[in-house]
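Written out below as structure tokens is the structure these notes cover.
For ligands, and for the atoms within them, numbers begin at 1 and follow the listed sequence. Since the structure is predicted, the reported quantities are computational estimates derived from the model, not experimental observations. Hydrogens, waters and symmetry mates play no part in the numbers below; they use all other heavy atoms, side chains included.
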Amino acid sequence: MVAARIREPAMVHPVFADLPVTVFEEMSGLARELGAINLGQGFPDDQGPLSLRRKAGEALIEGSNQYPPMRGLPELRRAVAGHYGRTQGLDLDPDREIIVTSGATEALAAAFLSLISPGDEVVLFQPLYDAYLPMVRRAGGVPRLVRLSPPHWRFDRAMLEAAFSERTKLVVLNSPLNPAGVVITDEDLALLAEFCVRHDVIAVCDEVWEAVVFDGRAHRPLMGFPGMRERTVKIGSAGKLFGMTGWKVGFLCAAPPLAKALAGAHQFLTFTTPPNLQAAVAFGLDEPGDWFETMPAGLQRSRDRLAAGLRQAGFSVLDSAGTYFLNVDLAASGIDETDRAFALRAVREHGVAAIPVSAFYAQDPVTSVLRLCFAKGDEVLDAAVERLARAKGG
Ligand code: PMP
Ligand code: GLN
């Protein structure tokens, strides 16, 4: 009887019944299998700041390995508040407005589960990070998609008018935007804030890339815009702040009534996050040295190296203002192939993995943009350019 039930597709929630493995896992899997250079999934080939890794090691051996407080180590919550106060002008109460999660992924899940009721409309922007839609749907949300397209990936008033309604409960914004590599402009943030206030909507802001911005830019959190302080859930990730993507330590920041609901979901998703990693992240935020200048400066050099090589090879390269990613427009580069077909051929025949941006669309995809991760050493980038040039041919 039990065996029959688990074979029956109806026993599986429809959101997960046919969900494929993520494009990041697919491309990294192919890269591993074929020994290809991996410019697909976004992770640096550098192992991250040694001082933080030492601190985590010490905390593992000398410190507590038992449950830390549910909302996170007090020292980490204070460090997060201090960091966002110094770098983004936010005034967050560490006791009532910050919750430590197991990565931004858990923070997103906690936000969707605690804020969406079945039938609530949720405005999201395509291209969208792969975790958003399944989790929004699983929470009972009805997605309303705003489609952004290259080269500027911007939204305007008419697009927001078409997406927002009296049933809108949440809007999900990712800035800097993965995979586009753009930073949402102040003008667009102000416009979105106006819509959130007018429609009484909560903004879930995925700001994991906030520290990875280039050319002298400073990250502007939507939470800092008029009317947004009480209606924004700001999400960060230590994995991205310190370039150690396997460190699943994230943060939820929100006004106390929202934070209470978020904590309610967090306590039954993971309850806590490893205390040793939390201690090391607190140390890194309190004593960053020049990390938050040297890290983006180094990545900016890598971005420029990859962009120059690709242009030299005849690719049409889109601007990147933040994230680890640079995009090429295949059609504008004279390549008559979809992004997915090109990506599969590049990894199988030329030994270089990339991510087709069409994977970030649920409907009406942009199909000629390829995302490349430049958080790699110079030799890796140079070798990848050579291989991509061969894949391009001509
Ligand atoms: N949101 C975005 C936009 C991301 O790019 C990522 C991962 N790179 C995440 C969330 C997940 O972050 P974490 O690894 O902290 O769960
Ligand atoms: N955020 C990473 C990227 O965009 C991937 C994270 C993952 O594989 N889940 O490449």
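Checked against the 6.0 Å centroid criterion, the rings of Phe155 and Phe125 qualify as a close aromatic pair. Aromatic pair Tyr324/Trp209: ring centres closer than 6.0 Å.
Considering backbone and side-chain atoms alike, Asn178 places an N or O below 3.5 Å from some N or O of ligand 2. For the pair Thr245 and ligand 1, the shortest N or O to N or O distance does not fall below 3.5 Å. Checking only distances, Ser237 does come within under 3.5 Å of ligand 1, N or O to N or O. Residue Gln41 has at least one nitrogen or oxygen atom sitting less than 3.5 Å from a nitrogen or oxygen atom of ligand 2, judged on distance alone. Remark: ligand 2 and Trp209 share no N or O pair separated by less than 3.5 Å (distance only, no angle test). For a threshold of 3.5 Å applied to N or O pairs, the pair formed by Val208 and ligand 1 contains no separation below that value. Residue Gly40 has no N or O atom closer than 3.5 Å to an N or O atom of ligand 2.
The closest protein non-hydrogen atom to atom 12 (O) of ligand 1 is Ala104 CB, 3.5 Å. What sits closest to atom 16 (O) of ligand 1 on the protein, heavy atoms only, is Thr105 OG1, 2.6 Å. In this structure, the protein non-hydrogen atom closest to atom 5 (O) of ligand 1 is Asn178 ND2, 2.9 Å. For atom 1 (N) of ligand 1, the nearest non-hydrogen atom of the protein is Asp206 OD2, 2.6 Å. The protein atom (non-hydrogen) at minimum distance from atom 2 (C) of ligand 2 is Gly42 N, 4.0 Å.
With a 6.0 Å cutoff to the six-membered ring centre and a 45° limit on the axis angle, Lys234 does not count as a cation-pi contact of Phe251.
Residue Phe325 has at least one heavy-atom neighbour below 4.0 Å for each of these atoms of ligand 2: 3 (C), 4 (O), 10 (O). Remark: ligand 1 atoms within the under-4.0 Å shell around heavy atoms of Trp209 are 3 (C), 4 (C), 5 (O), 8 (N). For ligand 2, the atoms closer than 4.0 angstrom to any heavy atom of Tyr129 are 1 (N), 6 (C), 7 (C), 9 (N). Listed by atom number, the atoms of ligand 1 under 4.0 Å from Gly103 heavy atoms are 15 (O), 16 (O). Here is the list of ligand 1 atoms found below 4.0 Å of a heavy atom in Asn174: 3 (C).
Within the 4.5 Å cutoff, the side chain of Val122 has no heavy atoms near those of the Thr168 side chain.
For the residue pair Glu75 and Gln278, no side-chain donor N or O sits within less than 3.5 Å of a side-chain acceptor on the partner.
Side chain of Ser237 to main chain of Gly239: a donor-acceptor pair is present (N/O by atom type, distance under 3.5 Å, no hydrogens or angles).
A salt bridge does not link Asp120 with Arg144: every distance from a Lys NZ or Arg NE/NH1/NH2 to an Asp or Glu carboxylate oxygen is 4.0 Å or more.
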Show the numbers, then the answer: is there a side chain to side chain contact (heavy atoms under 4.5 Å, CB included) between Leu306 and Leu310?
-> CA-CA 6 Å; Leu306 181 62; Leu310 290 167; 3.7 Å; yes

Please report the C-alpha distance between Arg340 and Glu26 in whole Å, then the side-chain angles of each, then the deciding distance to 0.1 Å, and finally whether the salt bridge (charged side-chain N to carboxylate O under 4.0 Å, His left out) criterion is met.
-> CA-CA 12 Å; Arg340 187 167 168 84; Glu26 180 192 9; 2.7 Å; yes

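Ring geometry for Phe292 versus Phe242: interplanar angle of 30 to 60°, hence tilted.
The residue among Glu207, Lys240, Lys248, Glu106 with a heavy atom at the shortest distance from atom 8 (N) of ligand 1 is Lys240.
The cluster map of Ile, Leu, Val, Met, Phe, Trp and Tyr, joined by side-chain heavy atoms under 4.5 Å apart, puts Ile202 and Leu92 in different clusters.
Proximity of Arg371 to ligand 2, defined as any heavy-atom pair under 4.0 Å, is confined to the side chain (atoms from C-beta onward).
In plain terms, the two heavy atoms of Lys240 and Val208 that are nearest each other are CB-O, 3.1 Å.
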